[in-house]
**Student:** 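Below you'll find the structure I mean.
It should be emphasised that the depicted structure is a prediction, and the values quoted were computed from it without experimental measurement.
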Amino acid sequence: SIEDAAELEGLLPPKAGPNFRYHTDESKESTEGHRISKELVSMVRGRKTTRDIILWVEEQIVPANGTKFAVDVVSQTLLDIGSKSFTHLITVLERYGQIISKLCPDEEMQLLLMDEVSAYWKNSTQMTAIAIDRMMGYRLISNLAIVKWVFSPANVDQFHVSDRPWEILRNTVSKTYNRISDLRKEIQTLRKSIQVAKEASAKAIKELEEAKSILEIVEGQPVSSERPGRLRRLQGFADKAKEEEVTIEESLEAKQALLARGLEEGKELLRLLFKSFVDVLTERLPPVSADGDVPNLRAGDPNVTFPASDPEAATMEIDDENGADNNSQVNGENMKAGYTIGELEQWCLCTLGYLKSFSRQYATEIWSHIGMLDEEVFVGSIHPLIRKAAFSGLCRQMNQ
């Protein structure tokens, strides 16, 4: 156990807790950031409104320290307030998300915000992914900003050793297309509702007109024979049915506008996603030889040699009472005098594998924009291994 072998404790991964930059500690020097963070916590505990906090940030923090400093302190402090549980995080984002939105209106500041989230939850891949996913859900971070952050140099270097960037990227793409799918379902439902509303409105108007058309002669003048109370009631039904029809039509128009924007966002997302894959892979993949030979990433280092051995001397006598073949191998052991795969090759294989995986998982969405991708991404002297990975995921022939 760790208690009996304290020197093994250093081999354990760090505890999955927060890493709050402005934690109050008497042993540490108090900085301006510590003072502002403490004041923000007091305002939150004092139930100050979001508007009051935004005014405080804009009038006192930003002019004196700059926007980036404000994003640093505010985001770290709000994340710490919401760090106790998932529910606490949701509550903080719902109540004070407007503060973050005000500080991070563009991609540059949203990239900085994600850096702060990653720094705060650097020991918890799960919480980093959850926080960024929830921020996207509340429209505090755009999907395009997340893709750019995932393909930033610091994250790219971790592609082959961490699942965190891939989990965040997959969540982002899935949420984008889930929104589109939900909007399509809602539009389909609204179209059915409009048909029902139109039929109800037409029926109410018909009943009203029929009631008005029933006349009788009173003192030589034609007047409606229906009671005024019933006519008013029918008129109310007709007005209400027409109003409901108009309301549903307005909702349908709004949903259609959201769908059009979502489809455009999805198109831009795919363009940026595949272009980012192509850019980072092109920088690191070994070039194709002058003869057109594609590099074999699994071939290892050709400079690594292994000493020759006598086959007879290397073979051990194995007790085959359990029926084992003399040439069999123990689980986990490779009998080939193999090769070593360098870190760069591992990175390339891992990233190509995820490119293929994304192409397969979102093939339906990709095929609807394949013309755009062929014209803007899969064009020119793109590396054959990149094309092979993407096309394999799409079940597409290389010569297409």
Side-chain angles (χ1 to χ4, degrees), residues 49-51 86-87 90-91 93-98 101 105 133-144 171-271 361-372:
T49 65
T50 301
R51 179 174 176 78
F86 178 72
T87 304
I90 297 301
T91 302
L93 293 179
E94 286 180 349
R95 291 182 181 176
Y96 305 107
Q98 292 181 17
S101 179
D133 179 73
R134 289 294 85 202
M135 287 181 175
M136 178 184 170
Y138 287 111
R139 300 271 182 186
L140 305 179
I141 302 174
S142 71
N143 51 8
L144 298 181
N171 288 345
T172 301
V173 179
S174 294
K175 185 176 288 292
T176 298
Y177 284 105
N178 285 341
R179 282 177 180 172
I180 293 174
S181 177
D182 290 343
L183 284 170
R184 283 176 171 153
K185 292 177 182 177
E186 291 173 9
I187 288 173
Q188 186 178 6
T189 301
L190 285 172
R191 283 175 176 162
K192 293 179 180 179
S193 299
I194 282 180
Q195 186 63 32
V196 173
K198 284 182 176 180
E199 292 175 357
S201 178
K203 181 179 179 181
I205 293 173
K206 182 180 178 181
E207 289 179 356
L208 176 63
E209 294 299 328
E210 288 177 351
K212 288 181 177 180
S213 66
I214 301 175
L215 302 175
E216 64 180 2
I217 303 300
V218 178
E219 297 179 356
Q221 297 294 328
V223 296
S224 176
S225 63
E226 286 289 349
R227 295 188 302 275
R230 184 170 187 271
L231 288 176
R232 287 195 299 270
R233 187 168 62 253
L234 290 174
Q235 184 67 56
F237 289 158
D239 292 343
K240 184 177 180 181
K242 188 62 179 179
E243 183 180 349
E244 185 175 354
E245 179 186 348
V246 172
T247 301
I248 296 175
E249 286 179 343
E250 291 175 349
S251 297
L252 178 60
E253 291 176 0
K255 294 295 183 182
Q256 287 174 332
L258 288 174
L259 177 60
R261 189 176 72 178
L263 290 172
E264 189 61 29
E265 286 182 357
K267 181 180 178 180
E268 291 299 318
L269 179 68
L270 286 179
R271 178 190 286 115
Q361 182 172 353
Y362 304 103
T364 302
E365 292 80 9
I366 294 169
W367 273 109
S368 62
H369 299 294
I370 199 67
M372 175 272 293

**Student:** With sequence neighbours excluded, tell me which residues meet side chain to side chain donor-acceptor pair (under 3.5 Å) with N171.
**Tutor:**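 By the side chain to side chain donor-acceptor pair (under 3.5 Å) rule, N171 matches no residue at all.
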**Student:** Below 4.5 Å, heavy atoms only, C-beta onward: do E250 and V246 meet side chain to side chain?
**Tutor:**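 A side-chain contact under 4.5 Å exists here.
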**Student:** Name all residues meeting the side chain to side chain contact (heavy atoms under 4.5 Å, CB included) criterion together with E249; count only those two or more places apart in sequence or in a different chain, and write none if there are none.
**Tutor:**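 E249 satisfies side chain to side chain contact (heavy atoms under 4.5 Å, CB included) with I194, K198, E245 once adjacent residues are dropped.
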**Student:** Just how far is it from atom CG of L183 to atom NZ of K185, taken to the nearest 0.5 Å?
**Tutor:**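 One gets 11.0 Å once the value is rounded to the nearest 0.5 Å.
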**Student:** Does E199 have more than 12 heavy atoms from other residues, nucleotides or ligands lying within 6.0 Å of its CD?
**Tutor:**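 Enclosed.
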**Student:** Return the CG to OH distance between L269 and Y177, rounded to the nearest 0.5 Å.
**Tutor:**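 The CG atom of L269 sits 5.5 Å away from the OH atom of Y177.
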**Student:** Go through the structure and list residues passing side chain to side chain contact (heavy atoms under 4.5 Å, CB included) with R179, not counting sequence neighbours.
**Tutor:**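 Applying side chain to side chain contact (heavy atoms under 4.5 Å, CB included) to R179 gives M136, R139, K175.
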**Student:** Side chains of T176 and N143: any donor to acceptor distance under 3.5 Å?
**Tutor:**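 There is such a pair (donor and acceptor under 3.5 Å, judged by atom type) between the side chains of N143 and T176.
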**Student:** Of all residues at least two apart in sequence or in a different chain, which pass the side chain to side chain contact (heavy atoms under 4.5 Å, CB included) check with I205?
**Tutor:**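 Applying side chain to side chain contact (heavy atoms under 4.5 Å, CB included) to I205 gives S201, E209, A238.
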**Student:** Do any N or O atoms from the side chain of S193 and from the backbone of I248 form a donor-acceptor pair under 3.5 angstrom?
**Tutor:**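 Looks like no, no N/O pair under 3.5 Å.
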**Student:** For the atom pair OG (S101) and CE (M135), what is the distance rounded to the nearest 0.5 Å?
**Tutor:**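 Those atoms lie 11.5 Å apart.
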**Student:** Using the test side chain to side chain donor-acceptor pair (under 3.5 Å), find all partners of Q256 that sit at least two apart in sequence or belong to another chain.
**Tutor:**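 Result, side chain to side chain donor-acceptor pair (under 3.5 Å) vs Q256: none returned.
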**Student:** Does the distance from a Lys or Arg side-chain N to an Asp or Glu carboxylate O, for K240 and E243, drop under 4.0 Å?
**Tutor:**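 A salt bridge is absent here (no side-chain N lies under 4.0 Å from a carboxylate O).
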**Student:** Which is it for L263 and R184 under the side-chain contact (heavy atoms from CB on, under 4.5 Å) test, yes or no, and what are the steps along the way?
**Tutor:** CA-CA 11 Å; L263 290 172; R184 283 176 171 153; 3.4 Å; yes
**Student:** Tell me, do R191 and Q195 make a side-chain contact under 4.5 Å, heavy atoms counted?
**Tutor:**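 The answer is no; the side chains never approach within 4.5 Å.
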**Student:** Drop me the distance from Q98's CD to L93's CG, to the nearest 0.5 angstrom.
**Tutor:**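 It comes to 12.0 Å.
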**Student:** Within this structure, what is the CD1-CD distance for the pair I370 and E365, rounded to the nearest 0.5 Å?
**Tutor:**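 These two atoms lie 12.5 Å from each other.
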**Student:** So for atom CD, which belongs to E244, do other residues, nucleotides or ligands contribute more than 12 heavy atoms lying within a distance under 6.0 Å?
**Tutor:**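 No, because the 6.0 Å sphere around CD of E244 holds 12 heavy atoms or fewer from other groups.
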**Student:** Measure the CD1-CG distance between I180 and L258 for me, rounded to the nearest 0.5 Å.
**Tutor:**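 With rounding to 0.5 Å, CD1 (I180) is 11.5 Å from CG (L258).
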**Student:** Taking side chain to side chain contact (heavy atoms under 4.5 Å, CB included) as the definition, give me every residue that meets it alongside T87, ordered by chain and number, with sequence neighbours left out.
**Tutor:**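 If we apply the side chain to side chain contact (heavy atoms under 4.5 Å, CB included) test to T87, skipping adjacent residues, the hits are S85, T91.
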